[in-house]
Protein chains: 2
Amino acid sequence: MNKRPTLADVAARAGMSKTAVSLVLNNRPGSRLSDDAVARIHEAARELDYRPNAQARSLRLGTTGTVGFISDDVTVTRFASPMIRGLLDAADEQDRGVLIAETFKHPKQLRKAMEAMVDRQVDGLIFGALSARLVDLPPLPAGMRAVTVNCVNPEVPVAVLPDEEQAGYAVTRQLLDAGHAAGLAVIGNAPVARSDPRVSVTINRRFKGIQRALDESGVTPVAVEDIEFWEPWNGYDATKRVLESDAPVTALLCLNDRVSFGAQQAMTERGLRVPDDVSIASFDDDEIASYMRPALTTARLPYEQMGRQALELLLRPEESPGEHLVEMPLQVRGSIRPLA
Amino acid sequence: MNKRPTLADVAARAGMSKTAVSLVLNNRPGSRLSDDAVARIHEAARELDYRPNAQARSLRLGTTGTVGFISDDVTVTRFASPMIRGLLDAADEQDRGVLIAETFKHPKQLRKAMEAMVDRQVDGLIFGALSARLVDLPPLPAGMRAVTVNCVNPEVPVAVLPDEEQAGYAVTRQLLDAGHAAGLAVIGNAPVARSDPRVSVTINRRFKGIQRALDESGVTPVAVEDIEFWEPWNGYDATKRVLESDAPVTALLCLNDRVSFGAQQAMTERGLRVPDDVSIASFDDDEIASYMRPALTTARLPYEQMGRQALELLLRPEESPGEHLVEMPLQVRGSIRPLA
DNA sequence: GTCTCGTGCTGAAAGGTTTTAGCACTGGCG
DNA sequence: CGCCAGTGCTAAAACCTTTCAGCACGAGAC
């Protein structure tokens with residue numbers, strides 16, 4: 001039952017002082033130790049399989065090499081997974097640990113999670129949210145670095161968000177370029193959500209991008225259906241309404257993939273096929289998008305990139321305040337048929 | 001730019017020694033301080049908003065109040081989310097922090113992740129995997145507590161697994177009880193996976209439970225289709241084969257929900273409806289199961305419970321070695337039609 | 001009047017690291 | 001010879017907590 005070797009053990013074995021060992025192992029420039037001494041120290045450390053005690057080091061340094069990730073619900077939803085992946089990946093590259101907490105229940109929980117992390121002396125905090133919205137946060141301790149990802153907060157200087165305007169433009173462009181200018185229906189206008197930043201700060205940008213593409217080509221949709229929540233059954237209902245209205249629809253621009261999924265079911269029920277009868281494109285690249293047949297053309301929410309970028313921005317010494325937009329790449333699959 | 005207050009600050013303010021403050025704040029039994037002193041100390045701590053320095057405490061105590069969670073891929077997939085939720089939830093209740101890492105790339109990464117956590121002196125390690133399989137782990141440091149969740153390893157004494165045998169039985173029972181004894185097809189036998197514990201240690205139990213229910217009622221399926229990987233397109237193909245064989249099928253027992261999803265597509269294409277023409281039941285309660293119309297009857301993989309239980313077992317002082325099976329609750333939805 | 005015991009409290013060490021300040025020695029220069 | 005600069009190295013403090021050992025004092029017992 002022998003404990004972990006300490007710096008002192010290494011020093012003793014190498015016949016040097018703790019100072020010397022510390023200097024060598026952290027190879028501090030300017031410490032002029034003989035080559036012989038350096039070699040002996042390295043050898044002793046290797047033999048003992050010495051690993052520094054992180055607590056002791058943090059205590060001395062006031063820094064832990066650990067960052068905290070706090071999310072409302074993200075951690076905990078399928079949406080989150082790629083975000084965490086990106087974050088962990090980047091953290092690993094920079095030899096940082098990641099402490100994680102979720103706070104989906106209550107502001108009190110958020111405060112508690114933050115305190116727990118601050119007590120553990122994290123070097124920075126990343127706040128993530130499920131939907132890209134304005135979030136409330138308790139005041140940050142002075143000097144605490146922070147970045148928000150997929151959300152914004154006035155106290156936090158740097159935010160990582162998906163570039164929804166670009167995506168709105170790209171998806172619409174894709175449909176128009178395929179010749180669907182005359183028969184385009186938009187499934188999922190969301191008047192309520194669009195007016196409340198606490199629901200989403202980016203949703204309007206998605207629409208703005210869509211509008212820009214439409215204006216550019218002088219196109220007016222043949223139908224625009226409101227949906228309050230972008231869920232499959234609502235997409236199903238809305239699509240049904242459009243199909244029953246006898247509007248000359250050749251393509252559905254759905255506001256997300258779950259809506260597309262519902263839309264496709266509605267079409268299948270009426271004997272319409274994708275993309276032969278009606279094309280579909282949408283947003284998010286939800287898992288479901290690749291299960292559908294044909295697979296869905298969609299603009300991907302780049303969660304992994306966002307997670308990665310959040311961590312890198314947090315650790316980057318030079319502040320780069322402001323919004324960092326991450327491109328939403330278009331996944332071109334089989335759901336759009338080019339019209340002759 | 002004032003730093004956090006320390007124990008010494010509180011002591012000074014209360015006119016007491018650091019010892020006294022420590023005693024009071026951790027209310028150690030047997031330390032007999034006057035009521036007056038206790039009150040003064042609490043007051044001083046409150047006024048300064050004192051919070052103990054976690055590193056210093058850990059250094060002294062050799063314990064950090066933090067557990068590590070390492071997963072192959074779990075962190076990072078939608079499967080994982082509920083597991084992490086359960087784990088974080090339980091951790092929060094016990095005032096533990098959770099350090100997280102993933103190792104989906106390489107054994108070397110796993111080793112590195114473990115070392116990082118051991119260096120940070122976690123009080124215990126939880127290993128999670130995407131599929132319930134036998135995993136390789138580097139040797140654990142002596143005295144390190146550990147539990148595996150959704151995987152097993154000979155070095156780790158306690159493992160948390162879903163109770164697949166019970167689920168197999170329950171799902172099959174549900175179909176048989178609905179009168180489908182004479183027309184039951186099994187979609188997704190997986191001969192290769194069944195023979196390799198490094199792919200899955202639980203898959204055989206699922207089949208065992210199915211078999212038990214079949215034997216109990218003296219039922220032989222009208223078809224058993226092999227599928228190597230349980231993905232939608234394979235389910236689609238397998239179902240198509242069954243439908244084309246003209247076997248008198250009234251119900252499909254699919255081995256997971258993604259297979260069900262593909263199966264349903266194959267049926268829709270042939271103009272068959274669920275559940276009117278054919279019933280379906282399966283396993284996992286994947287997100288997709290609730291999107292399907294009708295929603296799928298399925299045995300839920302209880303990831304959240306498993307995560308929670310893993311953490312609780314890790315922290316429970318009395319060892320309870322062995323496998324801990326968590327029930328897979330049957331989600332009864334609309335995909336099974338009772339036959340008259 | 002001395003001993004013993006209980007009460008209320010504190011000093012100092014320990015835990016493992018980093019870092020500042022400085023010691024001892026050598027060789028070269030005036 | 002005396003001085004200085006450079007070289008190779010180390011003692012000790014500091015980071016903040018917990019806890020062991022024990023001090024001082026007063027009261028009661030003998």
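Numbered from 1 within each chain, the chains take letters A, B, ... in sequence-line order.
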Check this for me, if you would: do B/R4 and B/D49 make a salt bridge, where the nitrogen-to-carboxylate-oxygen distance has to be below 4.0 angstrom?
no
Which pair of non-hydrogen atoms, one from B/V122 and one from B/V67, has the smallest distance, and what is that distance?
CG1-C, 4.1 Å
Heavy atoms from other residues, nucleotides or ligands near CG of A/D35 exceed 12 (cutoff 6.0 Å)
no
Rounded off to whole Å, could you give me the CG-to-C1' distance for the B/N27 and D/dT19 pair?
16 Å
Walk along nucleotides 10-18 of chain D from 5' to 3' and tag each nucleotide B, S or - by protein heavy-atom contact under 4.0 Å, base first, then sugar-phosphate.
BBBBBBBBB
Specify the separation, in whole Å, of atom CZ of A/R32 and atom P of C/dT26.
16 Å
Contacts of B/Q305 that satisfy side-chain hydrogen bond (donor to acceptor under 3.5 Å, both in side chains) - sequence neighbours left out:
none
Residues in side-chain hydrogen bond (donor to acceptor under 3.5 Å, both in side chains) with A/R32, at least two apart?
none
